[in-house]
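Encoded as structure tokens, the structure appears first; notes follow it.
Excluded from the calculations below are hydrogen atoms, water molecules and symmetry mates; all remaining heavy atoms, backbone and side chain alike, are included.
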Amino acid sequence: MTHALKAELRSMRSSYAVTMAALIPAVITAFVVLVDRQTKLTGLLQAETVVLSIGMLIAGSIAGGSEYQHRTIEWTLLGTPRRGTAGAAKLVAAMLLGACAAAVTLAVTWALASVVDPGIHINVPVATLIVGQLALGALTCAFGVACGLALRSLPAAVGAVLMIALVLPIIFQVKRSLHHVVEFLPYGELSAAALALGSSPASAGSQLPALAAGVVLVAWTAMIATIALTRLTRTDA
């Protein structure tokens, strides 16, 4: 497992597309901090959470779906007798990537906000802020990888996560009679972190408390990952 995990981390680090998708959220949030003068850190984190979520979904879907697009899956995940272990290693690597990207994005946001306004208020326990952001980055990136492995197509995986992240909130914002459903959809609860901060990224209806939101997101990620790993172990590309 350790060898497979190291190999997956090297693969993600060497992928220009994955690296850019992981770093762009920090760049965008830095720009937001400079142009949006906020007195509360949670105000800046509203935009940061959305950008981080979408960036990690895309980074994960690229890391998972590109294996099939470039046929490298044949000598990586499909070429090993322990496919389940290799697939699990890719999911764990995605979680580490997402957590690192979240840490960088939060550090950039916090540091620049402190420079722009040295008296900025945090408005939330520091431990809640850090743990929540790391969990958000890790789970959204793992969700993206699981989609890529399950759908076995890079365009389909990217399209699926963008549909979840962008289109579904619009639909449920317009169709207000469905507000009671949105809290149980993946993107409605992508931000257990942001919910704990009181700055939800989705405006499409009411949402669950932070703990319940985290459980919903973990459940969706586990379901997609199970489908992906089952296809990986039982069928070829």
Side-chain angles (χ1 to χ4, degrees), residues 8-66 93-118 120-124 126 129-145 147-148 154-155 157-167 169-170 187 190-197 199-203 217:
E8 289 299 333
L9 289 173
R10 286 195 300 269
S11 175
M12 291 180 183
R13 187 175 64 248
S14 63
S15 172
Y16 180 75
V18 172
T19 302
M20 290 299 295
L23 294 178
I24 283 176
V27 176
I28 296 177
T29 53
F31 175 77
V32 172
V33 171
L34 295 175
V35 299
D36 184 15
R37 301 300 179 89
Q38 288 277 346
T39 59
K40 297 180 180 180
L41 186 61
T42 50
L44 295 172
L45 290 175
Q46 290 180 349
E48 183 264 358
T49 301
V50 176
V51 173
L52 177 64
S53 298
I54 296 176
M56 290 305 95
L57 285 171
I58 293 176
S61 62
I62 293 173
S66 61
M95 295 183 72
L96 292 175
L97 172 66
C100 290
V104 171
T105 304
L106 177 60
V108 169
T109 303
W110 202 338
L112 282 180
S114 299
V115 171
V116 174
D117 182 3
I120 194 167
H121 302 290
I122 300 177
N123 299 95
V124 68
V126 174
L129 172 63
I130 295 175
V131 172
Q133 290 286 306
L134 295 181
L136 174 65
L139 289 176
T140 48
C141 195
F143 189 93
V145 163
C147 286
L154 178 57
V158 173
V161 297
L162 289 180
M163 177 72 70
I164 291 170
L166 299 177
V167 178
I170 296 175
Y187 186 69
L190 275 179
S191 62
L195 287 167
L197 297 171
S199 55
S200 167
S203 58
L217 178 55

What do the steps show when you test E48 against V32 for side-chain contact (heavy atoms from CB on, under 4.5 Å), and what is the final call?
CA-CA 8 Å; E48 183 264 358; V32 172; over 6 Å; no
Looking only at heavy atoms, what is the nearest atom pair of [X] and [Y], with distance?
| X | Y | result |
| --- | --- | --- |
| S61 | V161 | OG-CG2, 4.0 Å |
| A22 | A101 | O-CB, 3.6 Å |
| G148 | A157 | CA-CB, 3.6 Å |

Listed by chain and number, what are the side-chain contact (heavy atoms from CB on, under 4.5 Å) partners of [X], not counting sequence neighbours?
| X | answer |
| --- | --- |
| V104 | A26, V108 |
| V126 | W110, I122, I130 |
| A21 | I58, A59 |
| V116 | V33, L34, R37 |

So how far is it from [X] [atom1] to [Y] [atom2], rounded to the nearest 0.5 Å?
| X | Y | atom1 | atom2 | value |
| --- | --- | --- | --- | --- |
| T140 | L136 | OG1 | CG | 5.0 Å |
| L57 | I62 | CG | CD1 | 11.0 Å |
| M95 | C100 | CE | SG | 12.0 Å |
| L134 | L139 | CG | CG | 10.5 Å |

Identify the residue among T109, T105, T29 that makes a side-chain contact (heavy atoms from CB on, under 4.5 Å) with L52.
T105
